[in-house]
Student: 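There's a structure below that I have some questions on.
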Number of protein chains: 2
Amino acid sequence: MTQRQSEILQESIKLIADKGIQGLTMKNLANAIGVTEPAIYRHFENKQKILLGILSLFENNKEIFSKFLQDETSNPLEQLKLLVKMRFKYFAKNRAIASVIFSEELFRNDPLLSEKVFEIMKENQKIFVQIIKAGQKLSVIKKDVTADQLTLIIIGAIRLIVTKWRLSGCSFNLEKEGAYFWKSIEILIKI
Amino acid sequence: MTQRQSEILQESIKLIADKGIQGLTMKNLANAIGVTEPAIYRHFENKQKILLGILSLFENNKEIFSKFLQDETSNPLEQLKLLVKMRFKYFAKNRAIASVIFSEELFRNDPLLSEKVFEIMKENQKIFVQIIKAGQKLSVIKKDVTADQLTLIIIGAIRLIVTKWRLSGCSFNLEKEGAYFWKSIEILIKI
DNA sequence: TGTAAGTTAGTTAATAATCACTAACTTAAT
DNA sequence: ATTAAGTTAGTGATTATTAACTAACTTACA
């Protein structure tokens, strides 16, 4: 990954954050960087590759999550809290990623992209399920609802909060709202 | 609303359900109906008006929901169950509506459309909050989490389930999955 | 009742804009 | 001298939309 390539990805992300995914055109991108459109093709084969590049940035982030998964000393409930917190923090810092990751509809006609989004979604789920299962085993999380269902509920809520935040023009403090949500979910799921 | 207008809306919905929102082009629409593109402009001023028409179809549905809200004889928990069930049933029957209603990203550059989506979202929320608050007053729903937060959790999960269903090519039984979800949420929220 | 005027719903053909992308040329640095 | 990274100038495809016209039907009136 060269300097220019990462610059292109960063500028793409900015454009998406600003004007939505429709705002990411080769023309806009070229203008934002300060070169002409064909120059971009020296660094990325096509537009799809740029989008895949953005998704990869998100994918790499998963390593960070799996780190503290290894740390088995801490309580699963604490791990889960941290995970939820990190998610909100990440989206607050990377608005554009949410635009990309949550607009599966746009990738419907592009199997490669939609598959990647689906993969990231699944990978993300796995981490939640793993922690929740551990919590259930240690009897700190309710067992009368499956880990899959609890994961679904938590991820669904996170997505909705982030979506609302974006639609509102980022008018409220996402991390604060996230912390508030955690309080609620903790009450519901802990034993 | 003339015969032709409603035909255009129905065909638009079919197109969206089939090929996603990107599949709804004036060309595709005209072909599907069996007329030329300009003919459509005899019935709708522009494409935006068609999309607004689709959203209105969804909006009208809210009347059905408010009906059983009046029925104060039944338990709020039962009302909520029915509401959730109806939502899944509706989306199962009207795939395209979900595509439209859940792709806020596409309407970002169109204030009129995004406002309408936002309105529908809010109106929808209201019904949930109302029922949950009633349930909390009657002590059948937990009070240590606000009605707003519970609503967020439920709607977030519904959206995620429906999105997954669509992405999977409607490969599983949505209503069944919805019923399964209700069981989980009931366990979590009832006193 | 017959006709003039207007409406409805369609056609063909074209327009202006935008899109991702490319061929061929230039420049600057190693 | 080669190559990486830029340029100019364009392509072809697709987009929503409009202009100009027409056949068929409806309505109002002499």
Side-chain angles (χ1 to χ4, degrees), chain A residues 1-16 18-55 96 99-100 103 105-114 116-117, chain B residues 1-16 18-55 96 99-100 103 105-114 116-117:
Chain A
M1 176 79 66
T2 66
Q3 177 81 27
R4 231 339 178 239
Q5 280 176 320
S6 111
E7 188 189 358
I8 289 172
L9 290 187
Q10 286 309 314
E11 217 61 50
S12 297
I13 285 173
K14 264 190 214 163
L15 274 174
I16 293 171
D18 266 29
K19 306 173 190 174
I21 241 201
Q22 316 227 52
L24 179 62
T25 67
M26 298 308 279
K27 195 179 177 182
N28 287 350
L29 185 54
N31 284 340
I33 294 174
V35 295
T36 57
E37 295 174 55
I40 295 168
Y41 287 90
R42 297 276 173 210
H43 307 276
F44 283 95
E45 203 184 325
N46 51 38
K47 192 182 173 182
Q48 191 200 50
K49 293 281 158 66
I50 295 176
L51 286 166
L52 283 173
I54 295 175
L55 290 180
S99 296
V100 180
S103 50
E105 182 66 26
L106 285 165
F107 300 146
R108 243 176 87 155
N109 48 1
D110 192 323
L112 231 151
L113 281 173
S114 62
K116 186 130 188 176
V117 169
Chain B
M1 176 79 67
T2 65
Q3 177 81 29
R4 223 355 168 227
Q5 280 176 321
S6 111
E7 186 189 1
I8 289 171
L9 291 187
Q10 286 310 313
E11 216 62 48
S12 298
I13 286 173
K14 263 191 216 164
L15 274 174
I16 294 172
D18 265 28
K19 305 173 190 174
I21 235 187
Q22 317 227 50
L24 179 62
T25 66
M26 299 307 278
K27 195 179 178 183
N28 286 350
L29 184 54
N31 284 341
I33 294 173
V35 296
T36 58
E37 296 172 53
I40 294 168
Y41 288 88
R42 296 282 171 207
H43 307 277
F44 284 94
E45 204 183 323
N46 51 38
K47 192 182 172 182
Q48 190 200 51
K49 292 281 157 66
I50 295 176
L51 285 166
L52 283 173
I54 294 175
L55 290 179
S99 296
V100 180
S103 49
E105 183 64 27
L106 285 164
F107 300 146
R108 244 176 86 154
N109 48 359
D110 192 322
L112 233 151
L113 280 172
S114 62
K116 186 129 190 178
V117 170

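Per chain, numbering begins at 1; letters A, B, ... match sequence-line order. Just so we're clear, the structure is a prediction, and the values are computed from it rather than from any experiment.
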Student: Please report the distance, rounded to the nearest Å, between CG in B:N46 and P in D:dT15.
Tutor: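 Spelled out: CG on B:N46 to P on D:dT15 is 17 Å.
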Student: Starting at the 5' end of DNA chain C, which residue's closest nucleotide do you reach first, A:T25 or B:G34?
Tutor: B:G34
Student: Please enumerate all residues that pass side chain to side chain contact (heavy atoms under 4.5 Å, CB included) together with B:R4, with sequence neighbours excluded.
Tutor: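 Per chain and number, B:R4 pairs via side chain to side chain contact (heavy atoms under 4.5 Å, CB included) with B:T2, B:E7, B:I33, B:V35, B:H43.
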Student: To the nearest Å, how far apart are A:K47 NZ and C:dT18 C1'?
Tutor: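 Result: 11 Å.
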Student: Among C:dC19, C:dT11, D:dT17, which nucleotide sits nearest the side chain of A:K27?
Tutor: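 Side chain of A:K27 sits closest to C:dC19.
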Student: Which sits closer to the 5' end of DNA chain C, A:R42 or A:M26, going by the nucleotide each is nearest to?
Tutor: A:M26
Student: Grab the CD1-C1' distance between A:I8 and C:dA20 for me, whole Å please.
Tutor: 15 Å
Student: What is the distance, to the nearest angstrom, from the CD1 atom on B:I50 to the P atom on D:dT17?
Tutor: 8 Å
Student: In whole angstroms, how far is the C1' atom of C:dT18 from the CG atom of B:N109?
Tutor: 13 Å
Student: What's the closest nucleotide to the B:T36 side chain, out of C:dT22, C:dT12, D:dA16?
Tutor: C:dT12
Student: With a cut-off of 3.5 Å and sequence neighbours excluded, list every side-chain donor-acceptor pair involving residues 8-16 of chain A.
Tutor:
unit_1 : atom_1 : unit_2 : atom_2 : d
A:S12  : OG     : A:I8   : O      : 2.7

Student: Measuring only between side-chain heavy atoms, which start at C-beta, is A:L29 closer than 4.5 Å to A:K47?
Tutor: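 No. Closest side-chain heavy atoms not under 4.5 Å.
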Student: Quickly work out the A:Q22 CD to D:dA16 C1' distance and round it to whole Å.
Tutor: 14 Å
Student: Can you tell if the side chain of B:K116 reaches within under 4.5 Å of the side chain of B:L112, non-hydrogen atoms only?
Tutor: no
Student: Measure from the side chain of B:H43, starting at C-beta and using heavy atoms only, and say which of D:dA9, C:dA9, C:dC21 lies closest.
Tutor: C:dA9
Student: Of the nucleotides C:dA13, D:dG6, C:dA20, which has the atom closest to the A:A39 side chain?
Tutor: D:dG6
Student: Look at the side chain of A:Y41 and decide which nucleotide, out of D:dG6, C:dC21, D:dA16, has an atom nearest to it.
Tutor: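 My answer, after comparing the listed nucleotides, is C:dC21.
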Student: Rounded to the Å, how far apart are A:I40 CD1 and D:dA4 C1'?
Tutor: 16 Å
Student: Nearest-Å distance, CG (A:D110) to P (C:dA20)?
Tutor: 13 Å
Student: Taking only the side-chain heavy atoms of A:R4 (C-beta and beyond), determine which of D:dG6, C:dA13, D:dA16 contains the nearest atom.
Tutor: D:dG6
Student: Heavy atoms from C-beta onward define the side chain here; which of C:dT11, D:dT17, D:dA9 lies closest to that of B:P38?
Tutor: C:dT11
Student: Grab the two heavy atoms, one from A:I21 and one from A:F107, that are nearest each other, plus how far apart they are.
Tutor: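 It is CD1-CZ, 4.0 Å.
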Student: Using a heavy-atom cut-off of under 4.0 Å over every strand shown, decide if B:L24 touches base, sugar-phosphate, or nothing.
Tutor: sugar-phosphate
